[in-house]
Q: 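Sharing a structure, written as structure tokens. Questions coming.
Reckoned from all heavy atoms, side chains included, excluding hydrogens, waters and symmetry mates. Numbered from 1 within each chain, the chains take letters A, B, ... in sequence-line order. As the structure is a computational prediction, the values presented were derived from the model and not from experiment.
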There are 2 protein chains.
Amino acid sequence: MATTLHDVAILAGVSIKTVSNVVNDYEHIRPATREKVLKAIAQLGYQPNLSARSLRSGRTGVIGLALPELSLSYFAELADAVIRAAERHHLVVLVEQTGGGDRAREIEMLSSPRLQLTDGLIFSPRGMDQNDAALLTVPYPLVLLGERIFGGPSDHVTMRNTEAAKAATKHLIDAGRRRIAVLGVHEGELVGSSSLRLQGYREALEEAGIDFDQRLMAPVDRWYRADGAEAMRSLLASGVQFDAVFGFNDTLALGAMRVLQEAGLRIPQDVAVMGFDGLDETKYSLPTLSTVDPGRDEIAETAVRVLADRIENRDAPPEQYLTNFSVVARESTATG
Amino acid sequence: MATTLHDVAILAGVSIKTVSNVVNDYEHIRPATREKVLKAIAQLGYQPNLSARSLRSGRTGVIGLALPELSLSYFAELADAVIRAAERHHLVVLVEQTGGGDRAREIEMLSSPRLQLTDGLIFSPRGMDQNDAALLTVPYPLVLLGERIFGGPSDHVTMRNTEAAKAATKHLIDAGRRRIAVLGVHEGELVGSSSLRLQGYREALEEAGIDFDQRLMAPVDRWYRADGAEAMRSLLASGVQFDAVFGFNDTLALGAMRVLQEAGLRIPQDVAVMGFDGLDETKYSLPTLSTVDPGRDEIAETAVRVLADRIENRDAPPEQYLTNFSVVARESTATG
DNA sequence: TTGAAAGCGCTAACAT
DNA sequence: ATGTTAGCGCTTTCAA
């Protein structure tokens, strides 16, 4: 059996409350007493029982992180950053995978008893959408990530998608490109990363006085590498002319690069390629991929901080937090 | 306040114990009683308080997973698999990152109070080594992963490194290669992935009657893409001839591929390239990368099952579990 | 088949 | 500055 506060109290010759005070860094304790208690704690190797503590206090010190799947680099890197940020707030992270966009599973997860062990949740949905906003009304602190749902009942951390996509497009235009193909359009979508980024693209075009050309839009369902490759193949097959490609995420762009190279096109001489997400991997591809760094660490730090605040104060009205991005210029869009 | 067993008992007009029996699927309950209780549960939206349950039962239903960092695809994909496997065992996973090989941090983590909320730990060390085996004697169920420590006091799940590396090397030899450079040698290492894989390489060479050539060994400290690139550069600069490269992990191989292509060498015509780990990414590189699939799902499933068993029965002697691998032939080692 | 009551280890209110 | 005590919500004897 593990040692308890009680055991320590007996050994130190004080009351259980005094031990508790020492453990919880209560201020008004005589140094001699504290000394005695700490010695007893060390001697017995006492560690507080966290189940008992959380039963009593209503806090576990654990936050949940629900995301589609860690096999996708974007989410793996996000989880990495969230865990690091949580550590700074003395929180640990329980990771749940909801799968690649299974709406029902996401909804079920939101009311799973497994979350009981958790003080709050950071949730990155992929299947739920704007129509499900009401389902985010849950009886625990929740911070929403991403671009699937806006104006919901919870705190929301997201990046400036439209501005970022506009800046990325401008980067291509500044490099002298006029015929910029887009990979990742979700036709008919009104809210979400795709439509927000498309809007940024169009704004950049307009400012530069370039006409929008529907034939340059390559629609894809999912944003995996294979989809980027396939979209690029059909774009090439369509015969439409282009001198740049903007992938709405890095994975699409990397898939497209591969097909371009297979087709004998040089990057960036013949076609410049731009990604979005700032994946680690983009530093190492051949050529290295220009991308938009969405400020992952800032997103994670903000999400954890907001959640921690929300755990402290549940009554404050929900807010939206926008993080900063930066355009990262690499070989795939180099000029001259 | 959340509803409790007590509330349900009152509403259903039974004792608290009866409700508990229903919740825990105790058999001998009159159907009518169960009905009544279930109705009350549904009506109140009752969910058991897991802190209270675990205080009483000593179980949390949470297992810990400690690994270096999720930003490394290998560990992200491992975590994905472990979380999936845990779900099948009705367990949730708390993920801890120990950083890229910080021994002190790993040791500290092993006795962290944060693990209190956990029924056991799956631990993939990267800084600790054979000399630290004794430190794995911990007062909770522990399953060790990887190749850093053998014969420790805990259960251990690992792959057949030597056999797998031998099979990979044989694959290159069968493709007609005789001068196979190796990326990832840790000089002076006696235990660990590197030395085990090197041994497999040497065995394959020996069987094929090929002399071992020290000049083909490219030592690297870390196994990141940049290290693979750098090692390949120095190998090329050294002027030594080779017709194949075996990276001791996929990341090294991918880094090397990039440098080979920059140098104008064709893969696989001039140099065949083989990786190790079976990362998702190897399916999408240009060319696709031949690799060794270490059976990640099997590793994860085994680790979780063994841990769950160990949680049930702490007294059984520790065992070692070896998982199956397969050589995945792709474009980077294609012949003809 | 169901009920009563003890207590897991801790924190917090109150008392001294 | 330190001690006493009452639960937090649950499971688990032990009874009935």
Side-chain angles (χ1 to χ4, degrees), chain A residues 1-41 44-62 113-119 139-140 311-312, chain B residues 1-38 40-41 44-62 113-119 139-140 311:
Chain A
M1 213 52 219
T3 61
T4 71
L5 272 191
H6 198 77
D7 303 327
V8 177
I10 291 173
L11 180 61
V14 298
S15 87
I16 181 177
K17 171 64 179 129
T18 302
V19 182
S20 174
N21 281 340
V22 172
V23 170
N24 293 293
D25 286 326
Y26 181 64
E27 303 175 57
H28 308 293
I29 306 176
R30 232 184 315 155
T33 312
R34 158 171 284 129
E35 202 72 12
K36 250 191 324 190
V37 172
L38 287 176
K39 203 156 108 186
I41 287 176
L44 294 173
Y46 168 77
Q47 284 196 339
N49 179 316
L50 299 187
S51 292
R53 179 177 281 178
S54 59
L55 171 59
R56 190 58 239 229
S57 69
R59 295 277 178 79
T60 62
V62 181
R114 298 129 68 84
L115 290 178
Q116 282 268 341
L117 280 164
T118 266
D119 292 337
Y140 50 82
I311 290 169
E312 295 299 326
Chain B
M1 211 52 218
T3 62
T4 71
L5 272 192
H6 199 76
D7 303 326
V8 177
I10 290 174
L11 180 60
V14 298
S15 85
I16 180 178
K17 169 67 190 342
T18 301
V19 181
S20 174
N21 281 339
V22 171
V23 170
N24 293 293
D25 285 328
Y26 181 64
E27 302 175 59
H28 308 293
I29 307 177
R30 231 182 316 154
T33 313
R34 158 170 285 129
E35 201 73 10
K36 253 193 320 191
V37 171
L38 287 176
I41 288 177
L44 294 172
Y46 168 77
Q47 284 197 339
N49 178 317
L50 298 187
S51 292
R53 179 177 281 179
S54 60
L55 171 58
R56 192 57 240 234
S57 69
R59 296 277 178 79
T60 62
V62 180
R114 299 130 66 83
L115 289 178
Q116 282 268 341
L117 281 164
T118 264
D119 292 336
Y140 51 80
I311 290 169

Q: Quick one: label Ile29(A) by what it contacts on the DNA or RNA (base, sugar-phosphate, nothing), any heavy atom closer than 4.0 Å.
A: sugar-phosphate
Q: What is the distance from atom CG of Leu115(A) to atom OH of Tyr140(A), rounded to the nearest 0.5 Å?
A: 5.0 Å
Q: Round to the nearest Å and state the distance from Asn21(B) atom CG to dG3(C) atom P.
A: 9 Å
Q: According to side-chain contact (heavy atoms from CB on, under 4.5 Å), who are the partners of Leu5(B), at least two apart in sequence or on a separate chain?
A: Ile16(B), Val19(B), Ser20(B), Val23(B), Tyr46(B)
Q: Please classify the nucleic acid contact of Ser54(A) as base, sugar-phosphate, or nothing, using heavy-atom distances under 4.0 Å.
A: nothing
Q: Considering residues at least two apart in sequence or located in another chain, which fulfil the side chain to side chain donor-acceptor pair (under 3.5 Å) criterion with Asp119(A)?
A: Thr60(A)
Q: Which residue lies toward the 5' end of DNA chain C, Ser51(A) or Thr18(B), if each is placed at its nearest nucleotide?
A: Thr18(B)
Q: Mind calculating the distance between CG (Leu117(B)) and C1' (dG9(C)) to the nearest angstrom?
A: 13 Å
Q: Are the side chains of Leu55(A) and Asn49(B) in touch, meaning some heavy atoms are under 4.5 Å apart?
A: yes
Q: Going 5' to 3' along nucleotides 10-16 of chain C, which nucleotides have protein heavy atoms under 4.0 Å from the base (write B), which only from the sugar-phosphate (write S), and which from neither (write -)?
A: BBBB---
Q: Measure across Pro113(B) and Leu50(A) and return the closest heavy-atom pair with its distance rounded to 0.1 Å.
A: O-CD1, 3.3 Å
Q: Give DNA chain C the dot-bracket treatment, 5' to 3': Watson-Crick (N1-N3 with N6-O4 or O6-N4) or G-U (N1-O2, O6-N3) under 3.5 Å, [ ] crossing, | other strand.
A: ||||||||||||||||
Q: Roughly how many Å is it from CG in Asp7(A) to P in dG9(C), rounded to a whole number?
A: 8 Å
Q: Below 4.5 Å, heavy atoms only, C-beta onward: do Asn24(B) and Arg53(B) meet side chain to side chain?
A: yes
Q: Can you name the salt bridge (Lys or Arg N to Asp or Glu O under 4.0 Å) partners of Arg34(A), sequence neighbours left out?
A: none
Q: Going by side chain to side chain donor-acceptor pair (under 3.5 Å), name the residues that satisfy it together with Ser15(A), two or more places apart in sequence or in a different chain.
A: Thr18(A)
